[in-house]
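Both backbone and side-chain heavy atoms feed into the values below; hydrogens, waters and symmetry mates do not. Along the sequence shown, the residues carry numbers beginning at 1.
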Amino acid sequence: MEHSVSLGASIKSAVIKKGIALIIIMLAALAATLLVRHYFYILDSYYYTAEFHLLFMKNNLKSGNMELFTDYFKSLGNIMNVFPLLLISNLVQNFWAPFSGSVLVTSSISALGMAKGLSLNYISLVLVGLVCFGLGIFFLGDIFSFLKKNGLWKDYGVSGRFASCVTIGVLFSAPFIPVVLPAAAGALIRMPLRMMMVIMAAGFLIRLLLLLLTPGVF
């Protein structure tokens, strides 16, 4: 009886916290919407520009059009202009066009050169991984804690944790696996942030090397 009460209280507390967070997000979104409506004529051109970029990214990621992406990055001129759109392209690929071809690395290297292209892709992948991990913690992070706290999950010790780390690392290093999947898996088992960053750093390095050394395979 006490076990059921404790489980119910834990679930209720987590739901309340997440509900408050979602309400705050919704209020912020409402405020942003009202501001946009008020300054609509000023922001209209920015909206259509953003829509163009997003549709360009989605369509050409799905079609694997490396040539257009190369021209796109070249037209931006310098890394300060390229990096934000490369980061957004990686976010679009993970959330809007998962399992699409890996054209961003090749096209950005063609546009900027080896050192700059690899560096920008590495940084953007790490940032995307952290975003996905943070979202995973918010939406999935309490599940494992509930299961473990209430005896519904067996602790497999050091060997189990090591196997989880290796598996997630392999998923991060595989070019055809969206970053959101291993990041969500790490969030689900409540992997510490420091450990997640180490695994991401190693996994993304291997991912980029695979893409660089095996062009056209992924």
Side-chain angles (χ1 to χ4, degrees), residues 6-7 9-29 79 83-99 102 104-105 108 117-211:
S6 176
L7 176 59
S10 299
I11 295 175
K12 183 179 179 181
S13 175
V15 169
I16 290 174
K17 289 179 181 178
K18 291 184 185 295
I20 292 172
L22 286 173
I23 289 172
I24 292 172
I25 293 171
M26 290 172 65
L27 290 174
I79 60 174
F83 178 69
L85 292 171
L86 177 61
L87 177 60
I88 295 171
S89 296
N90 273 291
L91 288 168
V92 169
Q93 185 170 43
N94 274 276
F95 291 103
W96 204 353
F99 304 106
S102 301
L104 295 176
V105 174
S108 57
L118 285 177
S119 298
L120 292 185
N121 274 283
Y122 188 76
I123 296 170
S124 65
L125 283 172
V126 171
L127 291 176
V128 170
L130 290 174
V131 169
C132 294
F133 183 65
L135 290 173
I137 289 291
F138 181 81
F139 289 106
L140 305 173
D142 293 317
I143 296 175
F144 182 74
S145 299
F146 287 145
L147 294 176
K148 191 173 181 180
K149 182 178 179 179
N150 293 281
L152 301 174
W153 179 272
K154 182 180 179 181
D155 188 355
Y156 290 95
V158 176
S159 60
R161 289 191 287 273
F162 178 76
S164 298
C165 291
V166 170
T167 301
I168 291 173
V170 169
L171 293 176
F172 274 129
S173 64
F176 53 88
I177 299 294
V179 174
V180 66
L181 294 182
L188 180 64
I189 63 173
R190 297 292 296 196
M191 182 175 288
L193 177 60
R194 183 177 298 179
M195 177 63 70
M196 175 58 73
M197 292 189 68
V198 170
I199 294 173
M200 281 196 299
F204 290 146
L205 181 60
I206 296 172
R207 177 184 288 236
L208 291 176
L209 287 174
L210 286 173
L211 289 171

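The side-chain contact (heavy atoms from CB on, under 4.5 Å) test applied to Ile20 returns Ile16, Ile24, not counting sequence neighbours.
For the pair Ala201 and Tyr122, the tightest heavy-atom approach, listed with the atom from each and the gap, is O-OH, 2.8 Å. The shortest heavy-atom contact between Pro182 and Leu171 is CB-CB, 3.6 Å. The two residues Arg207 and Ile177 come nearest to each other via the heavy atoms NH2-O, 2.8 Å. The heavy-atom pair separating Ile199 from Gly169 by the smallest distance is CG2-CA, 3.5 Å. Closest approach of Ser108 to Asn121, counting heavy atoms only: OG-ND2, 2.6 Å. In terms of heavy atoms, Gly186 sits closest to Met196 at CA-CE, 3.5 Å.
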CA sep, side-chain torsions, deciding dist, call: Ile206, Phe172, side-chain contact (heavy atoms from CB on, under 4.5 Å)
CA-CA 9 Å; Ile206 296 172; Phe172 274 129; over 6 Å; no

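A distance of 6.0 Å or more separates the ring centres of Phe176 and Phe99.
The distance from the CG atom of Leu125 to the CG atom of Leu104 is 8.5 Å, given to the nearest 0.5 Å. Atom SG of Cys165 sits about 5.0 Å away from atom CE of Met195, to the nearest 0.5 Å.
Sorted by first and then second residue, the pairs that involve residues 84-93 and meet side-chain hydrogen bond (donor to acceptor under 3.5 Å, both in side chains), not counting sequence neighbours, are Asn90-Ser124, Gln93-Ser100.
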For residues 126-138, run the donor-acceptor check on the side chains, cut-off 3.5 Å, and write out each pair with its distance to 0.1 Å, sequence neighbours left out.
none

